Amino acid sequence: MDVSDQITVYEEMFRKFQPSLVRYAASMLFSVEDAREIVQEVFISIWQKRDSLEFGEGLKSYLYRAVRNHTLNKIQRNRIKTVSLSEKVYVLTQETDLGDEEKNRRLEEIFKQIEALPKSCKEIFLMSRLEGLSHKEIANLLGISRKTVENQIGIALKKIRKGVFGKARE
């Protein structure tokens with residue numbers, strides 16, 4: 001494959017995955033700017049290693065894992081303090097219309113419940129619901145079994161329902 005073909009493939013890959021990768025990194029950093037920088041670093045790294053990398057069917061998993069690792073390294077390096085999930089989701093959804101005050105109140109309660117989840121349970125739940133990753137993709141990215149992913153998502157949903165609807169019924 002000549003360089004112009006490589007550039008075309010690279011550009012297509014970038015256009016396809018960059019927006020969701022930025023949202024994924026921003027969900028951990030609460031900084032769209034930092035997230036864009038990390039995703040750009042990942043794509044630069046891929047371009048530099050293009051002759052030695054082979055993805056096959058695992059391109060999406062590779063990209064998410066690379067962005068996750070770069071993000072975690074940045075957090076550790078800079079000791080970035082993360083903020084509440086409701087603020088993170090605001091950044092990620094600011095371009096959409098959330099609707100009336102009641103809908104916002106309910107969303108806020110859901111976010112509070114998600115924020116209260118145990119760390120690994122919350123991470124798995126967000127990968128599933130925010131990024132739309134399959135159970136298999138999450139399992140591959142985190143190096144855990146698919147059954148563990150299913151169990152953690154079930155636990156998260158149960159706790160969120162109980163927290164949101166249990167309070168409403170009282």
Side-chain angles (χ1 to χ4, degrees), residues 1-98 107 111 114-115 117-153 156:
M1 184 183 307
D2 69 0
V3 175
S4 67
D5 290 337
Q6 289 178 339
I7 291 171
T8 302
V9 168
Y10 180 82
E11 287 174 344
E12 288 173 17
M13 179 179 60
F14 183 82
R15 276 193 298 276
K16 181 177 180 180
F17 292 107
Q18 189 265 356
S20 63
L21 290 170
V22 167
R23 284 191 303 273
Y24 177 59
S27 74
M28 291 185 276
L29 294 169
F30 187 58
S31 171
V32 175
E33 218 172 279
D34 287 341
R36 284 188 181 125
E37 181 181 312
I38 285 171
V39 171
Q40 184 175 6
E41 288 171 10
V42 168
F43 277 103
I44 288 170
S45 175
I46 289 171
W47 178 255
Q48 291 170 339
K49 298 174 187 175
R50 70 187 177 278
D51 293 328
S52 63
L53 292 175
E54 290 186 31
F55 302 108
E57 300 283 323
L59 174 61
K60 185 176 181 179
S61 294
Y62 176 87
L63 289 171
Y64 275 90
R65 188 174 353 145
V67 167
R68 179 179 182 267
N69 291 339
H70 275 74
T71 301
L72 294 175
N73 288 340
K74 183 170 185 72
I75 289 170
Q76 187 174 29
R77 232 182 7 251
N78 298 332
R79 297 177 191 204
I80 295 172
K81 293 185 179 179
T82 57
V83 295
S84 73
L85 178 63
S86 59
E87 292 175 82
K88 292 178 191 175
V89 172
Y90 172 77
V91 166
L92 300 177
T93 60
Q94 64 186 351
E95 297 174 6
T96 62
D97 181 10
L98 293 177
L107 282 172
F111 297 145
I114 294 170
E115 187 67 31
L117 292 170
K119 183 181 176 183
S120 62
C121 185
K122 178 170 63 171
E123 179 183 25
I124 291 168
F125 180 78
L126 291 176
M127 291 173 84
S128 170
R129 297 309 195 259
L130 214 90
E131 292 304 319
L133 297 177
S134 71
H135 293 181
K136 182 179 179 182
E137 290 170 322
I138 295 168
N140 289 339
L141 284 170
L142 299 178
I144 58 177
S145 76
R146 199 165 156 179
K147 188 68 175 166
T148 300
V149 172
E150 292 170 9
N151 289 340
Q152 290 297 306
I153 291 173

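A quick note: this is a predicted structure, and the numbers were derived from the prediction, not measured.
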If you measure from [atom1] on [X] to [atom2] on [Y], what distance do you get to the nearest 0.5 Å?
X      : Y      : atom1 : atom2 : result
Thr148 : Ile153 : OG1   : CD1   : 11.0 Å
Leu117 : Glu123 : CG    : CD    : 12.0 Å
Arg146 : Glu137 : CZ    : CD    : 10.0 Å
Phe125 : Ile138 : CZ    : CD1   : 10.5 Å
Leu21  : Arg68  : CG    : CZ    : 14.0 Å
Ser20  : Leu63  : OG    : CG    : 8.5 Å

So Ile124 and Ile144, do their side chains get closer than 4.5 Å, heavy atoms only?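 In short, these two side chains touch, coming nearer than 4.5 Å.
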
Quick one: does Met127's side chain get under 4.5 Å of Val149's, heavy atoms only? no

Anything under 3.5 Å between a donor and an acceptor, one on a side chain of residues 7-19, the other on a protein residue two or more places apart or in another chain? List them.
{"residue": "Thr8", "atom": "OG1", "partner": "Ser4", "partner atom": "O", "Å": "3.0"}
{"residue": "Tyr10", "atom": "OH", "partner": "Phe43", "partner atom": "O", "Å": "2.8"}

What are the two closest heavy atoms between [X] and [Y], and how far apart are they?
X      : Y      : result
Ile38  : Val67  : CG2-O, 4.0 Å
Val22  : Ala35  : O-CB, 3.4 Å
Gln152 : Cys121 : OE1-CB, 3.1 Å
Ser61  : Leu141 : O-CD2, 2.9 Å

What pairs with Ser120 under side chain to side chain donor-acceptor pair (under 3.5 Å), at least two apart in sequence or on another chain? none

